[in-house]
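So that the names make sense, note that chain A is the first sequence line, chain B the second, and so on, each numbered from 1.
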Amino acid sequence: MADIKYNPAEVEHKWQGIWEKEGIYHAQDFSDKKKFYLLVEFPYPSGAGLHIGHVRSWGAMDSYARKKRMEGFNVLYPMGWDAFGLPAENYAIKTGTHPSKVVPENIKVFKRQCQALGLSFDWTREIDTTDPKYYKWTQWIFLQLFKKGLAYQAEVLVNWCPKCKTNLADEEVLPNGTHERCGMPIERRLQKQWLLRITKYAERLLDDLKTVDFAPQIARQQVNWIGKSAGMKIKFGDVKVFTTRPDTLNAVTFLATSKLYEEGSKEKIGKFSGKYAINPLDGRKIPIWDTNYVTPDYGTGTIMGVPAHDERDMDFAKKYHLDIIQKDPDEKLWQVIEKNGWGEKYTNYHLRDWIFSRQHYWGEPIPIIHCPKCGPVAVPEKDLPVELPYLEKYEPSGTGESPLAKVKDWLEVPCPQCGEPGRRETDTMPNWAGSNWYFIRYADPNNNNEIASKKKMDYWLPVDLYQGGFEHTTLHLLYSRFIYKFLFDIGIVPNSEPYLKRYSHGIVLGADGRKMSKSFDNVISPDQIVGKYGADTLRIYEMFMGPFDQMVAWSEESLEGCYRFLGRVWRAFESRVGNDKPSLILLTKLHQTINKVDRDIEAFKFNTIVSSLMEFVNTWEEEGSIDKESANLFVRLLAPFTPHLAEEIWHEVLGNAESIHMSTWPEYDPKYLQVGEVVMVIQVNGKLRSQLTVNSEQSTVKEEMEKLAKNDAKVAKWLDGQKIKKVIFVSGKIINFVVQK
RNA sequence: GCCGGAGUGGCGGAAUGGUUUACGCGUACGACUCAAAAUCGUAUGGAGCUUAAAACUCCAUGGAGGUUCGACUCCUCUCUCCGGCACCA
């Protein structure tokens with residue numbers, strides 16, 4: 001470890017206390033300043049504490065928030081806890097402590113860690129999804145969905161995790177058929193479940209992607225997930241098929257049903273059903289085959305087999321020696337089919353309705369009362385929240401019934417409609433329920449009468465920038481867009497898209513290049529690093545380690561380089577600030593750095609920001625001293641990235657009074673961007689042959705540069721005896737002689 | 001198979017069509033020290049030439065072509081890796 005006089009542990013702790021006391025990061029409702037709502041995903045407070053990956057996202061965005069504040073924005077940068085759900089429950093079971101006890105303990109640890117990192121969250125707006133004052137509104141949203149027919153019950157084939165003893169959304173099952181959290185192979189079960197009709201919003205979820213600024217990978221992934229395919233449903237007598245290729249109706253040789261469908265089967269298997277259908281186009285008799293390769297719950301569950309234009313149909317036709325007709329696809333068939341009433345246009349989506357109930361204890365109770373006479377009835381809004389009863393034994397039963405089914409005195413209530421004895425719904429909501437809308441609540445976290453006041457929502461929403469992991473693209477990100485659109489439709493929220501911009505960060509891998517995991521023994525804890533090097537070092541290292549949106553492996557040596565850098569910054573401010581005017585080179589470098597850092601932070605190029613800051617310090621050391629004014633500029637440039645170090649320098653070395661984080665973002669002076677001297681590159685046939693240092697005015701005059709270049713000995717050597725065909729001149733940059741080869 | 005993204009030193013990585021290898025790490029040598037650590041300084045793509053150094057020359061951004069005065073950057077083909085989706089008709 002470097003031996004620097006700057007003591008991060010002491011200094012960081014000191015400033016964190018002062019910032020907290022003075023409340024300098026509080027967002028102001030209805031300020032005259034322009035608002036900026038910056039959101040990072042709130043975590044579920046696990047027992048393991050903060051992950052190094054949280055620091056990458058929250059740290060970089062913290063710098064962004066600080067920069068925006070210095071620019072004069074009224075910034076909302078909030079944090080909260082997504083504390084319901086399986087992980088919290090499983091952890092509680094494992095440690096033998098009740099979740100209602102574990103969660104607050106874990107939250108305390110997380111919060112302390114956030115503060116030790118110097119993250120500028122506005123803690124006055126902290127939320128917790130397990131707080132009844134919060135989940136009252138989660139339940140309220142469910143009731144609105146129920147009233148509009150968008151929450152309904154149905155017998156569905158669910159993904160059942162035998163280990164976690166619960167059903168899962170499709171999105172929670174990995175492509176290899178295992179649970180994304182525990183890795184257990186998923187079973188399929190038929191069960192009565194609550195579903196949300198997200199499919200009704202498929203088209204808008206797709207269309208409105210055009211109106212927001214999501215990183216291309218993210219938008220693309222949502223498009224794929226929604227999986228729109230436009231085609232037709234065509235009647236072959238009594239049998240209906242769905243196809244995206246009506247233009248190949250002329251080459252159909254069989255129909256294939258999904259009767260023998262088997263998940264994950266590789267080999268195509270089929271059996272002739274003994275029945276025939278009629279091709280409406282030409283009256284041909286078409287055999288109907290029962291097969292295993294057609295997906296039952298897609299389209300009509302039956303397809304038309306067109307071996308000539310579909311590889312899978314070709315495989316099947318060859319195996320069972322079915323006819324293969326080579327005909328040209330005919331675009332006109334779309335209209336012909338419609339005109340003759342053989343079929344109609346139909347758009348199919350891959351997106352399914354979202355299974356919204358879980359047979360678990362640790363979640364929001366679904367606010368429904370089942371009445372033998374009236375059926376499922378909404379709990380009256382005045383009775384919200386339906387509080388989760390305290391249960392000593394809350395382990396999942398394994399029977400598919402929620403543990404709440406055992407709580408008699410909670411369970412049995414009169415029907416709100418007819419007064420007859422009814423029974424509460426015992427399923428709870430999935431962990432996505434609380435995170436669907438949490439960003440709305442930050443606008444007005446303590447409101448007991450509304451989800452949030454209209455005025456505050458009008459002021460703060462939508463979120464200007466939402467930063468989080470790629471893994472939530474088709475889960476939380478899509479779900480919350482759906483819920484927000486619904487709330488917009490019923491007149492609650494002021495816009496139809498919740499996030500104007502979405503950007504994701506790459507994960508931090510272990511030093512061995514593998515995913516951080518206890519089993520690989522390669523987990524790095526933020527506490528350990530902050531304790532040894534300080535929060536500022538960890539923060540700039542995680543920015544410096546690589547491009548923000550790519551995964552990068554951890555390197556402690558590289559981190560030490562950042563630690564050394566902070567030591568050099570400290571020493572430079574201590575010993576290289578004077579009254580003399582700095583050299584022109586240094587001044588130019590300073591203003592170039594200000595310009596570059598500003599551009600890079602807007603483009604989320606955090607790694608090159610740190611490089612530029614380092615470059616400036618290198619030049620500073622080479623060039624001697626800077627004056628106090630320039631020192632004040634540079635320390636303000638550092639402030640968003642190394643908030644503690646910058647604050648300490650700002651006060652203790654430069655003698656300023658107010659917090660640096662309340663000061664202004666430095667602006668570069670364009671007059672210094674024009675360097676006095678320019679290195680002109682001289683090429684012959686595009687190859688570098690010499691460099692000339694000239695003053696910047698000279699470098700823009702072609703004739704002069706040409707003369708100077710020709711007189712240069714190194715260049716002359718290459719031009720000697722050659723015929724110059726052409727001279728390419730780029731003002732201030734390059735001169736290239738093209739000679740005969 | 002389809003859709004994204006990426007291949008640059010020993011390593012992480014920079015580079016509006018204009019000096020490839022910024023910045024950092026690592027390594028080597030040196031300073032400080034009784035010594036070590038830490039810190040600081042110098043060097044550091046490869047090959048050739050040279051007693052040595054400087055200077056100079058050639059080669060190099062996964063591979064093969066192309067456009068251009070000039071290509072990491074644009075175009076065509078191709079290989080590899082990462083992520084997502086997947087008998088979705």
Side-chain angles (χ1 to χ4, degrees), chain A residues 1-4 175 215-225 227-229 231 241-245 248 256 258 261-268 291-306 309-313 315-316 348-350 470-471 473-474 504 506-507 513 540-541 544-547 549-562 564-565 567-568 571 599 605 607-618 621 679-691 714 717 724-730 732-739:
Chain A
M1 263 172 79
D3 175 30
I4 56 175
Q217 314 94 292
I218 298 169
R220 198 66 232 161
Q221 217 173 301
Q222 289 210 345
V223 168
N224 286 347
W225 188 261
K228 178 179 181 175
S229 35
V241 304
F242 173 72
T243 181
T244 54
R245 296 292 307 274
T248 62
S258 50
Y261 180 74
E262 223 186 305
E263 221 170 45
S265 57
K266 279 218 163 91
E267 175 92 0
K268 290 183 179 54
T291 74
N292 69 338
Y293 79 94
V294 175
T295 319
D297 46 4
Y298 190 83
T300 64
T302 302
I303 60 151
M304 57 185 213
V306 191
H309 302 293
D310 187 288
E311 218 176 302
R312 294 155 303 178
D313 296 344
D315 284 352
F316 190 76
N348 215 345
Y349 298 90
H350 167 260
F470 283 110
E471 71 275 19
T473 302
T474 56
S504 290
I507 57 171
I540 60 158
Y541 167 60
F544 184 60
M545 67 197 310
D549 58 356
Q550 274 172 47
M551 58 166 119
V552 202
W554 179 263
S555 158
E556 190 126 350
E557 287 88 0
S558 222
L559 173 108
E560 284 185 21
C562 292
R564 272 178 222 137
F565 170 64
R568 285 171 54 204
R571 277 194 302 277
R599 276 188 291 127
K605 290 166 81 174
N607 53 334
T608 51
I609 288 173
V610 180
S611 301
S612 324
L613 296 173
M614 287 171 169
E615 276 188 57
F616 174 74
V617 174
N618 289 346
E621 286 174 348
V679 178
M680 280 296 284
V681 170
I682 319 296
Q683 297 182 335
V684 177
N685 280 348
K687 281 199 171 166
L688 172 77
R689 292 306 177 196
S690 184
Q691 297 173 37
K714 289 179 195 166
K717 191 173 93 184
I724 298 173
K725 276 164 65 183
K726 206 164 144 190
V727 180
I728 311 278
F729 177 73
V730 182
K733 271 202 170 140
I734 203 162
I735 185 157
N736 183 15
F737 295 98
V738 185
V739 300

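For A:Glu311 and B:rG1, a side-chain-to-base donor-acceptor distance below 3.5 Å is absent, hydrogens and geometry of angles not being considered.
A donor-acceptor pair is defined here as one N or O able to donate and one able to accept, closer than 3.5 Å; such a pair exists between the side chain of A:Tyr541 and the backbone of A:Ser555.
Side chain of A:Ile728, nearest nucleotide from B:rG84, B:rC56, B:rC69: B:rC69. Listed nucleotides: B:rG41, B:rC87, B:rC3. Nearest to the side chain of A:Glu621: B:rG41. Of the candidate nucleotides B:rG24, B:rU19, B:rU39, B:rU39 has the atom nearest to the side chain of A:Arg564.
For the OP1/OP2 pair of B:rC69 and a distance below 4.0 Å, the side-chain nitrogens and oxygens of A:Lys726 include at least one atom meeting the criterion.
The stretch residues 293-303 of chain A comes close to RNA chain B through A:Tyr293, A:Val294, A:Thr295, A:Tyr298, A:Ile303, each having a heavy atom under 4.0 Å from the strand.
For B:rG45, the O4'-C1' to base torsion is more than 90° from 0; the nucleotide is therefore anti.
Using a 4.0 Å heavy-atom distance criterion, A:Asp315 is classed as making no nucleic acid contact. A:Lys605 comes within contact range of the sugar-phosphate backbone alone, with a heavy-atom separation under 4.0 Å but no base atom that close. Using a 4.0 Å heavy-atom distance criterion, A:Gly561 is classed as a sugar-phosphate-only contact. A:Pro547 comes within contact range of the sugar-phosphate backbone alone, with a heavy-atom separation under 4.0 Å but no base atom that close. At the heavy-atom level, A:Gln691 lies under 4.0 Å from base atoms of the strands shown.
Between A:Asn685 and A:Val739, the closest side-chain pair of non-hydrogen atoms falls below 4.5 Å.
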Anything under 3.5 Å between a protein N or O and an N or O of nucleotides 7-12 of chain B, put it in a table, one pair a line.
| residue | atom | partner | partner atom | Å |
| --- | --- | --- | --- | --- |
| B:rG12 | O2' | A:Met545 | O | 2.6 |

